[in-house]
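Taking it in order: structure first as structure tokens, then the write-up.
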Amino acid sequence: MTAAIDVLLDASGIGKRFGGVQALKDVSLTIRRGEIYGLIGPNGAGKTTFFNVLTGLYQRDGGQISFDGKPLTLESPHTVAAAGIARTFQNIRLFGNMTAMENVMVGRHVKTHAGVFGAMLRTKSERAEEAGIRRRAEELLHYVGVADHANSLAREMSYGDQRRLEIARALATEPKLLALDEPAAGMNATETGALRTLIEGLRSDGLTVLLIEHDVKLVMGLCDRVAVLDYGQKICEDIPSVVRANPKVIEAYIGTANE
Amino acid sequence: MRTHLNLPSIKGNVLPMVLLAIALIALPFALALVGTAWVRITNFAVLFVLLSLGLNIVVGFAGLLDLGYVAFFAVGAYVYALLASPHFGIHLPFWIILPIGAFVACIAGAVLGAPTLKLRGDYLAIVTLGFGEIVRIFMNNMSNPINITNGPKGIAQIDPFQIGPIDFGKSDLLAGLNFSGPIKYYYFLMLALMLVVVINGRLKDSRIGRAWVAIREDEVAAKASGINTRNIKLLAFAMGASFGGLSGGMFAAIQGFVSPESFVLNESIMILAMVVLGGMGNIFGVIAGAVLLSFLPEILRYTVEPVQMAVFGHMWIDPEVLRMLIFGLALVLTMRYRPAGLWPESRHRREMTVVANK
């Protein structure tokens, strides 16, 4: 590896066991700054487990993660968010009874400071901060294209819009790495196309994206590099065209003739 | 800009606001004509409004079911009683004690919150219920070996409020009007209520308030969005508790006497019922719920007997039994036909309709 390659996230030897199931075994991967990195694999391969370990929802059994030059120790989700990793969920997890606007405003929590006393006294700094939160939330709603629904309850929005809103909420934390867990799941071709444009826009705006996706076409077309997990182990990591031709990958997805 | 308070916009509604203000100012004198007891009943209703607004932070905003809320009321009341009575011979002025009471209750809230952070729903309810009972039993038994709370006998002769020459324990004649003690407390409570309503509304529409609602909606997503759920939940408990403590202090002064009996589980349930019946999360719904549930039993107390006598000529059912029967029935019917409360927060209303339609 040359010094010119700017590594944002370096995970090495990540392991996670649930009872008798080794969900992740010695998984190592490196994500470079500014790329879209795909993580694929058959169902149950450990993709989401890796996501949950990375974002602090699960504690890893072993391995190191270094992010943006600093080690990410065994931490809780909010400190991971503060460090600059934001995520979305496979089964959308919005604050259903809050408006789209409020959902994104919650995402600003980690970048703002007002406490109870600031809120009770409506201090000048608190009001300025609130206005800033609102402004940024509006921008982000525009950015992902759901500004028309700013005052709709999140639960009442269409499926595709909910996915976008979740991305806006994640972006509100000003992440360095955005981790998307199957963002295209359940989307039709039009919605997937629009999502692809959105993710490409994120990259051109300088964001690094980690993408878990089942839609192989989307991953191969969108990602700069792809890693394949199978039974909790990484079997391949390379540019899409090489990954596609790798016999192990084909075996994992289609099975061998003898099976 | 959108307001979360559901406050009537000031511009278009000056007249109703002014009328409401006049009505509230005149109310105690009108009630005094019926009987001073009604001024007292109103004062207790306002105290319950304050308590409900405090509990609303914990239950309505943050979605944490708390069945032991009366404990913080008790803490505030006992702090006031100990610092303004002959029991220890300490007589501090109320404006020093009330903040102390709120602060002590706030600490108690955090202490209760700490062990419950990982609990949800039923389990949280049981732990908070236990906490409420522990506090009451503490008050009941802390008379030995050192007599701190005077045990089940309670603490009497608690100092009333005193602002300069105005003694809240006595009547004063001013401009031909008789300002009795309860009437003075009424005005003080109204000021406190306005303050608490404003604080509640501001908290709700703030960074912290959004974090509370986010935790209520989806704790995992809240964490992933960078909210330190542990601290924010503790903050909800502490804030709710300090309102309870503040109300407790005022209760002790108004009543002039505190004993553990005032802080039984029933009271916690009553306050929770006010929050739920009025409409969780909506400040004005909660106020409506508290006012209704405080007055209804009292009104029934005075009407059940005469109505029976007039209709049947003699007493069929013991008034106390019938009173609670009607009260319970009213609660059941309300929850059956308005499951989200009488005046729900818009968010909850939709949520409950969805559930009801399933």
Side-chain angles (χ1 to χ4, degrees), chain A residues 51-52 55-57 76-89 92-99 101-122 126-127 129-131 133-134 150-151 153-156 166 169-170 172-175 179, chain B residues 1-2 4 57 60-61 63 106 117 195-232 234-236 238-240 242-243 280-281 340 344-355:
Chain A
F51 248 48
N52 286 342
T55 53
L57 284 179
S76 47
H78 70 269
T79 51
V80 173
I85 301 177
R87 69 169 293 172
T88 63
F89 293 86
I92 308 172
R93 299 189 83 138
L94 287 165
F95 308 121
N97 293 300
M98 295 173 95
T99 65
M101 182 72 156
E102 288 172 317
N103 267 272
V104 183
M105 287 171 85
V106 169
R108 295 299 297 158
H109 186 90
V110 77
K111 291 287 171 191
T112 47
H113 311 283
V116 164
F117 291 104
M120 287 198 296
L121 303 173
R122 279 271 152 98
E126 195 263 355
R127 278 178 287 144
E129 189 180 279
E130 276 291 297
I133 291 171
R134 192 168 284 277
N151 292 317
L153 291 188
R155 65 181 310 136
E156 290 169 349
E166 211 188 9
R169 184 181 69 192
T173 64
E174 289 173 30
Chain B
M1 202 182 267
R2 189 175 41 109
H4 277 266
I57 291 178
F61 295 172
C106 175
L117 288 170
L195 188 74
V196 169
V197 167
V198 168
I199 288 176
N200 247 278
R202 287 182 168 186
L203 278 177
K204 185 181 178 180
D205 200 8
S206 72
R207 170 175 177 265
I208 301 293
R210 282 190 299 272
W212 283 334
V213 179
I215 289 172
R216 182 188 81 197
E217 292 293 314
D218 189 329
E219 195 167 339
V220 172
K223 274 186 197 165
S225 302
I227 293 171
N228 183 341
T229 52
R230 184 195 57 197
N231 290 0
I232 297 290
L234 274 184
L235 196 59
M239 284 307 299
S242 50
F243 283 123
M280 255 192 285
E345 184 196 19
S346 52
R347 308 196 255 253
H348 272 287
R349 183 166 57 236
R350 302 197 213 185
E351 187 181 351
M352 297 305 272
T353 346
V354 170
V355 173

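The figures that follow rest on heavy atoms only: side chains count, while hydrogens, waters and symmetry mates do not. Keep in mind the model is a prediction, meaning the values are calculated, not measured. The sequence lines fix the lettering, A, B, ..., with proteins before strands; numbering per chain opens at 1.
- In this structure a side-chain-to-backbone donor-acceptor pair under 3.5 Å is missing from A/Glu166 to A/Leu94.
- Interface check for chain B: of the options A/Val116, A/Thr173, A/Ile133, the most heavy-atom pairs under 4.5 Å are formed by A/Val116.
- Of the residues considered (B/Leu203, B/Ile199, B/Val220), B/Val220 shows the highest number of contacts with chain A, using heavy-atom pairs under 4.5 Å.
- A cation-pi arrangement is absent between B/Arg210 and A/Phe95, since the terminal nitrogen or guanidinium carbon is not both under 6.0 Å from the aromatic centre and inside a 45° cone about the axis.
- Only the side chain of A/Glu126 comes within less than 4.5 Å of a heavy atom in chain B; its backbone stays farther off.
- Between chain B and the residues A/Ala86, A/Pro77, A/Gly107, the largest count of heavy-atom pairs under 4.5 Å involves A/Pro77.
- When heavy atoms are compared at a cutoff of 4.5 Å, A/Arg122 approaches chain B by way of both its backbone and its side chain.
- Atom OG in B/Ser206 sits 10.0 Å away from atom CD in A/Glu129 (nearest 0.5 Å).
- The nearest pair of heavy atoms linking A/Lys111 to A/Ala172 is CG-O, 4.5 Å.
- For a residue to count as touching a neighbouring chain, one of its non-hydrogen atoms must lie under 4.5 Å from one of that chain's; by this rule B/Ile227 touches chain A with backbone and side chain alike.
- No other option in B/Ala224, B/Ala211, B/Gly209 has as many heavy-atom pairs under 4.5 Å with chain A as B/Ala224.
- Interface remark: of the candidates A/Val106, A/Thr112, A/Thr55, A/Val110, A/Thr112 forms the most heavy-atom pairs closer than 4.5 Å to chain B.
- Contact of B/Ile232 with chain A is made through the side chain alone, with heavy-atom distances under 4.5 Å.
- A donor-acceptor pair is defined here as one N or O able to donate and one able to accept, closer than 3.5 Å; such a pair exists between the side chain of B/Arg207 and the backbone of A/Ala114.
- Closest approach of B/Ala221 to A/Arg169, counting heavy atoms only: CB-NH2, 3.8 Å.
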